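These notes concern the structure reproduced below.
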Amino acid sequence: MDSQQTIIIPVPPLFNFQECLWFLNRNYDDCLHVVTETAVFKAIATPFGDVLFRVGEQGTFVKIDLLQGDSGPECRDYLTRYVRDWFDMDRDLAPFYGYLKRDSRLAYMAEDFAGLRLMGISDMFEALCWSIIGQQINLTFAYKMKRRMVEQYGRHIEWNNQVFHIFPEPEILANAEVEVLRGMQFSQKKAEYVIGAARAFTEGTLSRSLIEALPDFDSRQKALVAHKGIGIWTANYVLMKTFRAPEGIPHGDVGLLNALVGHGIIGARSEKEKIEAFFHDYAGWETYVTFYLWRSLAVKPLA
DNA sequence: ATCCAGGGGTCAC
DNA sequence: GTGACCCATGGA
């Protein structure tokens with residue numbers, strides 16, 4: 001009985017749960033999961049209904065505990081795949097670490113961030129909305145806006161006197177009003193973009209399966225950028241987080257550029273050819289090195 | 001007040 | 001395709 005509510009997954013080499021957990025927490029207030037010292041709680045919508053689960057570590061296993069919702073075998077399989085994807089557990093990082101260690105500027109990352117995985121956002125609609133919200137504003141503020149939107153439009157699960165939020169469905173946000181989002185400090189355009197994205201999903205002109213069906217990175221990027229409010233940065237962010245496309249470099253990203261300057265890889269933000277050369281050296285791992293550079297921007301608080 | 005923040009759209013060339 | 005310019009909304 002109890003065993004049916006627990007799933008264990010052997011951890012792959014070069015995997016460090018605590019590093020991943022720390023990234024999920026950082027110093028931001030993400031409303032879509034709750035991180036403790038040893039675990040992360042998350043509620044999601046599944047084909048089997050809303051589910052609340054906890055991901056922790058047990059020896060050399062990642063352990064998923066089902067706390068609320070369907071615990072049948074199909075749902076457990078779904079959650080297993082979900083967590084494997086979320087933590088990018090099926091990737092062999094050895095080649096990437098090979099590149100890092102040959103790069104004197106970034107070699108320290110292979111030690112300091114050892115086992116950190118590129119944390120994904122498997123729900124493309126969520127990834128898209130989040131990247132629209134995050135355009136050109138600081139992350140602290142972006143997380144606040146996301147929280148207001150999720151609390152207003154999303155479902156939630158209550159468990160142990162705590163609330164766990166689920167990202168809103170496109171059908172709900174498609175009928176949201178710009179004025180309401182403006183009240184949550186969305187700019188006019190940002191409100192229009194999010195609602196527009198939700199309508200594209202409900203109308204079927206945009207979906208994960210549509211993008212997935214396209215043959216290559218360029219056509220996927222192109223299909224995304226065709227929508228209002230989605231530029232290269234936003235499209236590539238989605239391709240990185242949802243589809244895990246290695247080429248999904250968030251070109252022009254302020255954090256990325258700051259990290260490149262900070263590591264002496266470029267002298268100024270405008271040095272486009274040096275940036276290109278840098279990513280050429282990490283071919284196949286462009287988004288991973290971007291993720292690690294983002295990670296380098298966040299300083300771990302002293303114990 | 002000033003500059004910055006995990007950009008996008010428009011419009012000329 | 002590229003670059004200049006404008007836009008929005010807080011944070012520090």
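Below, read A as the first sequence line, B as the second, and so on, with proteins coming before strands; counting in each chain starts at 1. Below, all heavy atoms of this structure are taken into account, side chains as well, without hydrogens, waters or symmetry copies. Note that the coordinates shown come from a computational prediction; the quantities given were computed from them, not determined experimentally.
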dA5(B) OP1/OP2 closer than 4.0 Å to side-chain N/O of Q136(A):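 Result: no.
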Residue-phosphate contact under 4.0 Å: N258(A) side-chain N/O, dA5(B) OP1/OP2: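 Looking at the OP1 and OP2 atoms of dA5(B), one of them is under 4.0 Å from a side-chain N or O of N258(A).
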Rounded distance (Å) that lies between atom [atom2] of [N] and atom [atom1] of [X]:
X: E192(A); N: dC7(C); atom1: CD; atom2: C1'; value: 12 Å
X: D253(A); N: dA5(B); atom1: CG; atom2: P; value: 10 Å
X: L257(A); N: dG7(B); atom1: CG; atom2: C1'; value: 12 Å
X: D29(A); N: dG10(C); atom1: CG; atom2: P; value: 18 Å
X: L224(A); N: dG7(B); atom1: CG; atom2: C1'; value: 16 Å
X: N138(A); N: dG10(C); atom1: CG; atom2: C1'; value: 7 Å
X: I133(A); N: dG10(C); atom1: CD1; atom2: C1'; value: 15 Å

Interface with DNA chain C, restricted to residues 261-281 of chain A and to heavy atoms under 4.0 Å: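 Close to the strand, none.
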Which residues share a side-chain contact (heavy atoms from CB on, under 4.5 Å) with [X], sequence neighbours left out:
X: N25(A); result: V35(A)
X: Q185(A); result: F141(A), R148(A)
X: V180(A); result: Y153(A), E177(A), M184(A)
X: A226(A); result: none

With sequence neighbours excluded, residues passing side chain to side chain donor-acceptor pair (under 3.5 Å) with T46(A): none
For D77(A), side chain to side chain donor-acceptor pair (under 3.5 Å) partners two or more places apart: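 Residues passing side chain to side chain donor-acceptor pair (under 3.5 Å) with D77(A): none at all.
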Distance-only donor-acceptor test, Q188(A) side-chain atoms vs dA8(C) base atoms, 3.5 Å: no
Salt-bridge criterion met for R208(A) and E212(A) (N-O under 4.0 Å):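 Yes.
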DNA chain C: 5'-proximal contact among K189(A) and T140(A) (nearest heavy atom): K189(A)
Among dG11(C), dA5(B), dA8(C), the one nearest S187(A) by side-chain distance: dA8(C)
D88(A) and Y288(A): side chain donor to acceptor below 3.5 Å: yes
Close N or O pairs between protein and nucleotides 8-13 of chain B (under 3.5 Å):
| unit_1 | atom_1 | unit_2 | atom_2 | d |
| --- | --- | --- | --- | --- |
| dG8(B) | OP1 | G231(A) | N | 3.0 |
| dG8(B) | OP1 | T234(A) | N | 3.0 |
| dG8(B) | OP1 | T234(A) | OG1 | 2.4 |
| dG9(B) | OP1 | G229(A) | N | 2.6 |
| dT10(B) | OP1 | K228(A) | NZ | 3.0 |
| dT10(B) | OP2 | K228(A) | NZ | 2.9 |

Selection residues 243-261 of chain A - residue pairs positive for side chain to side chain donor-acceptor pair (under 3.5 Å), sequence neighbours left out: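 Side chain to side chain donor-acceptor pair (under 3.5 Å) check on residues 243-261 of chain A returns D85(A)-R244(A), W233(A)-D253(A), D253(A)-W294(A), N258(A)-R269(A).
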Sugar-phosphate only, base, or nothing, as touched by I137(A) at under 4.0 Å among non-hydrogen atoms: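 Base, at least one base atom sits under 4.0 Å.
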